[in-house]
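I have placed the structure first, in the form of structure tokens, so that the comments after it can refer back to it.
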Amino acid sequence: MATPGTKIQFSGLARKLVQDGLLSDSQAQEAYEAANKQKTSFVSYLVDKKIVDSRNIAQSASDEFGVPLLDLDVVELEPDVVKLVKESLVRKHRTLPIFKRGNRLFVAVSDPTNLQALDEIKFHVGMNTESILVEDDKLSRSIDKAMEANDSTLADLAGDSDLEDVEFADEGDNAGPEVTESEADDAPVVRFVNKVMLDAIGKGASDIHFEPYEKSYRVRLRIDGILKEIASPPVAMSPRLSARLKVMSRLDISERRIPQDGRIKMNLSKSRSIDFRVNTCPTLFGEKIVLRILDPNSAKLGVDALGFEEEQKQLFLTALHKPYGMLLVTGPTGSGKTVTLYTGVNILNEPNINISTAEDPVEINLAGVNQVHVNPKVGLDFPAALRAFLRQDPDVILVGEIRDLETAEIAIKASQTGHMVLSTLHTNDAPQTLTRLMNMGVPPYNIASSINLIVAQRLCRRLCPHCKQELEIPAGALKEEGFTDEEISKGVKVYGPNGCDQCNEGYKGRVGIYQVMPISEKMGQIIMEGGNALQLAEQADKEGIPDLRKSGLKKVKDGITSLDEVNRVTKE
């Protein structure tokens, strides 16, 4: 890897792109260095950053290397051929087997210089391999589509004949003596629960609510942050549904008077499993049970999937790679703090870095990370876990939440003694986080000297790209919402939801809006002088740090979300 500032002598594809006028020498050098730093391919970096169109790159590569260019959109993938190469190899090298002729396997690539990929696939499948050039963005879409189809699909699992055969890990080990066949293993109850769970995964839900009432029972899913009722089974099924869920969660089925916490692991295929965090709570007419859906893949989507603006992303990555200090993520429950933190942990998760986490509970399992589920009942609380970590030569420590002064003091001490500490707090914005720590009793000089960056965040629903519609909003109304005169004069476009068969009432998925606030020297002075959140917010504004509202309006201006959504999550 070249050191920054070293002139790189380009050859092959990079030289061809420069010769064709698609890149300048400086752009090529910057892209090459950035791609190496982010551990992505040169071609993917150019396409992802929209520096060069993928079609132009493919055409230049085809001319330079004499490799045939194919439009992947017109190719019907053969599932049996795709399965010849394991998913880890496909994603590692960004290649996709598309068809086979005799003992020759034809593999789609966007970078024909990646000869290592062909050699590794050839060794893996025991066949001769030949590359076929395709456009990088189409290759990404085809890989995702092929791998999704390659898994045991939810559609297959959801068929009535399969619903009793869905595989769960360690089901019922601690069920208790009172489990009866009629309560926990009744076939209709088993099918119903399995179908609800599969439907929830298929619809991208984050939570499932099983709720008993006096004369009714309802099941609701939280999809894109909004609860929706999906089923109303007979109220007489309430005890059997509770029993079934508790057996699956390895909870005590005979205990109905106190809340219990458990987990369910659903194996969708050999390569994919989904965890459910389960909580039961006794209510007036039975136990309400809520399942939080924890998809380990959510932490592996990458920092670009979170929704940071480019400048915010660079601030986050810079703070993350500092050798010591503290990075705090703040926001209400359900605002995506855990995924943001785990995305950071996943970036840092290298063989040469020792990472330990203390959480209540552990939500996402990550290989290579030492995760501790705190249990205050046996004396394993956050401070105890942190003290143990500090005796185990850590590089990075993640604290699930700073709840009290003792935890805050140990975390800050760790950040001041050469460790990177990541944690969360429940506050409304970044400046309030600092005053919250002061209110806990943390000395101002410790706050000013230890915290590198604070990220405040919310989640709002993304507009469906297929059906969003432009709205006509008067200039006066736009100004009241917070748009500037300059933005209004340039003709800012605001979109709203419509609704189609590919979305949920005009929305599909969620995106984060962020306030990313590094602690400057001036802010440190305000903290040391005992300043309040208002003074810190004013200083952040002077330093050009957009608050949550401004970040949300930027997403509206870019057509990513609607004004109603931003108002829902940012207006007090």
Side-chain angles (χ1 to χ4, degrees), residues 154 157-158 162-203 205-212 217-222 227 230-231 233 237-268 272-283 285-296 298 333-334 338 359-365 371-378 380 400:
L154 296 177
L157 285 170
D162 295 327
L163 284 172
E164 292 175 60
D165 301 323
V166 179
E167 187 180 337
F168 296 94
D170 300 325
E171 183 180 315
D173 285 3
N174 296 338
E178 294 187 21
V179 179
T180 64
E181 186 177 346
S182 62
E183 281 184 314
D185 296 326
D186 192 13
V189 173
V190 172
R191 283 200 303 271
F192 177 78
V193 170
N194 291 354
K195 186 171 192 327
V196 168
M197 293 169 73
L198 290 166
D199 283 350
I201 298 168
K203 291 176 180 177
S206 60
D207 301 86
I208 312 172
H209 293 243
F210 292 85
E211 303 172 313
Y217 192 100
R218 71 177 175 183
V219 180
R220 293 190 291 174
L221 301 182
R222 189 176 292 279
L227 277 170
I230 60 149
M237 283 181 68
S238 175
R240 288 183 289 166
L241 287 170
S242 296
R244 175 62 187 164
L245 289 164
K246 287 165 79 174
V247 167
M248 295 165 71
S249 314
R250 307 173 68 190
L251 300 178
D252 183 355
I253 199 168
S254 63
E255 181 55 79
R256 300 182 177 92
R257 300 163 300 171
I258 59 172
Q260 296 185 69
D261 290 298
R263 292 179 82 94
I264 299 172
K265 188 180 187 74
M266 176 186 278
N267 299 317
L268 297 178
R272 189 183 178 203
S273 62
I274 301 287
D275 286 341
F276 296 81
R277 190 182 79 203
V278 183
N279 177 263
T280 71
C281 183
T283 65
F285 302 104
E287 289 177 288
K288 173 171 177 174
I289 300 180
V290 177
L291 279 61
R292 166 66 58 90
I293 301 172
L294 309 170
D295 188 349
S298 62
T333 302
T338 301
E359 302 164 77
D360 183 18
V362 175
E363 293 195 356
I364 298 170
N365 297 328
Q371 297 171 281
V372 173
H373 185 144
V374 300
N375 184 359
K377 290 179 182 176
V378 298
L380 181 58

| field | Which residues share a side chain to side chain donor-acceptor pair (under 3.5 Å) with N375, sequence neighbours left out | value | none
| Taking only residues two or more places apart in sequence or in another chain, which ones pass salt bridge (charged side-chain N to carboxylate O under 4.0 Å, His left out) with D360? | R403
| task | Output all residues satisfying side chain to side chain donor-acceptor pair (under 3.5 Å) with R277, sequence neighbours left out; order by chain, then residue number. | result | E363
| message | Measuring only between side-chain heavy atoms, which start at C-beta, is M197 closer than 4.5 Å to I274? | response | no
| query | Can you find a heavy atom in the side chain of N194 that is under 4.5 Å from one in the side chain of M248? | reply | yes
| remark: Value for CZ (R218) from CD1 (I230), rounded to nearest 0.5 Å, stands at 12.0 Å
| request: For the pair Q260 (side chain) and E255 (backbone), establish whether a donor and an acceptor sit closer than 3.5 Å, ignoring hydrogens and angles. | output: yes
| request: Applying salt bridge (charged side-chain N to carboxylate O under 4.0 Å, His left out), name anything that partners R292, two or more places apart in sequence or on another chain. | output: D207
| remark: Between G286 and T283 the two heavy atoms that sit nearest each other are O-OG1, 2.5 Å
| query | Picking from T280, I289, V278, what satisfies side-chain contact (heavy atoms from CB on, under 4.5 Å) with L245? | reply | I289
| said: Do F285 and Y217 make a side-chain contact, defined as non-hydrogen atoms from C-beta onward lying under 4.5 Å apart? | reply: no
| Can you tell me how far the NZ atom of K265 sits from the CZ atom of R250, to the nearest 0.5 Å? | 12.0 Å
| field | Contacts of type side chain to side chain donor-acceptor pair (under 3.5 Å), residue Q371, not counting sequence neighbours | value | Y342
| request: Name all residues meeting the salt bridge (charged side-chain N to carboxylate O under 4.0 Å, His left out) criterion together with E359; count only those two or more places apart in sequence or in a different chain, and write none if there are none. | output: none
| Roughly how far, to the nearest 0.5 Å, is the NE2 atom of H373 from the CG atom of D261? | 7.0 Å
| message | For F276, run the side-chain contact (heavy atoms from CB on, under 4.5 Å) check against V290, I208, L294 and tell me which one passes. | response | I208
| request: Please name the pair of heavy atoms, one in P212 and one in S238, separated by the smallest distance, quoted to 0.1 Å. | output: CB-OG, 3.5 Å
